[in-house]
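Before any comments, here is the structure.
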Amino acid sequence: MIVTRKKDIDSIREHLADARSVVIVGCSECAAVCRTGGSEQVKEMSGLLADRTVCATISIESPCDKRITSRDLKRLTRELEEADAIVALTCGSGAQAIAEVSGKRVIAALDTSFLGMVERLGRFYERCSQCGECILNDTAGICPVTLCPKQVRNGPCDGVRADGTCEVFEDRPCVWRTIHERLSARNHPERFTAYHPPVCWSHHHVPREELQGH
Ligand code: SF4
Ligand code: SF4
């Protein structure tokens, strides 16, 4: 799930200074779970922008999916023509999909933080940094690229403390120690020394694309 945070309303107002009419678009998937772009937050944004014309509000299921966004925005053709801008309560991918589909100016109302694991509403953890060359099968399912502050793929580093804590954050265990413990408990300690070459960034430079089936 994509974790998002609300932007400060003053910064949104600043970008909308010359927009007298808007359409507000929410996301009923990730941003709804984050409580940043669900129907309640769309309503809240509508109230915050009540000093201008809100031509329409809509919650789209997965606005990052251009097929769905295109289909749903067709229902608002007239309102979109009237609007000076669209306010997107979505992740950055959603905001750009809305802009590409509508051809309108889109103001992003959220900051996109990370790919999150959900424990419960309002509690999200980063567990994958999307390195593109996953080593979880050698690390007992624990991602050192994300959990080690130095992103060490072959660890531990020289700084691990004698008590097994991380040299950067002394209140945390070294993730490579945790990996060793779990691999040993699973009777696969040999995996600990598996070598992981550096990520070949020439294959993973942004923007990335996945063209499956082509
Ligand atoms: S190694 Fe970590 S960052 Fe890379 S793909 Fe796997 S879980 Fe994600
Ligand atoms: S002590 Fe472990 S977790 Fe901390 S930076 Fe070094 S390898 Fe990473």
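As the structure lists them, so they are numbered: ligands from 1, and atoms in each ligand from 1.
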With atoms numbered from 1 as shown, which atoms in ligand 2 lie under 4.0 angstrom from a non-hydrogen atom of Cys157? 1 (S), 5 (S), 6 (Fe), 7 (S)

For Cys166, the ligand 2 atoms whose distance to one of its heavy atoms is below 4.0 Å: 1 (S), 3 (S), 4 (Fe), 5 (S)

Could you list which atoms of ligand 2 come closer than 4.0 Å to a heavy atom of Lys150? 5 (S)

Looking only at protein heavy atoms, what sits closest to atom 8 (Fe) of ligand 2 is Cys148 SG, 2.4 Å

For atom 3 (S) of ligand 2, closest protein heavy-atom neighbour: Val175 N, 3.6 Å

Counting neighbours of CD on Glu170 that are heavy atoms of other residues, nucleotides or ligands and sit closer than 6.0 Å, is the number greater than 12? no

Within the 3.5 Å criterion, strictly below it, is a donor on Ser129 or Thr146 matched to an acceptor on the partner's side chain? yes

Does the pair Lys6/Glu44 count as a salt bridge with the N-to-O cut at 4.0 Å? yes

Give a yes/no answer: is there an N/O/S atom of Cys174 under 2.8 Å from atom 8 (Fe) of ligand 2? no

In chain order, what residues pass the ring-ring contact (aromatic ring centres under 6.0 Å, His included) check against Phe124, with sequence neighbours excluded? none

Is it true that the side chains of Ser113 and Arg5 contain a donor and an acceptor less than 3.5 Å apart? yes

Show the nearest heavy-atom pair for residues Cys143 and Arg127, with the distance to one decimal. CB-O, 3.4 Å

Arg20 bridged to Asp84 by N-O distance under 4.0 Å: no

I need the protein N, O or S atoms closer than 2.8 Å to atom 2 (Fe) of ligand 1, given as residue plus atom name. Cys143 SG

One finds that the ligand 2 atoms under 4.0 Å from a non-hydrogen atom of Glu167 are 1 (S), 4 (Fe)

Would you call Arg161-Asp163 a salt bridge at under 4.0 Å N-O? no

Do the side chain of Arg182 and the main chain of Arg177 share a donor and acceptor less than 3.5 angstrom apart? no

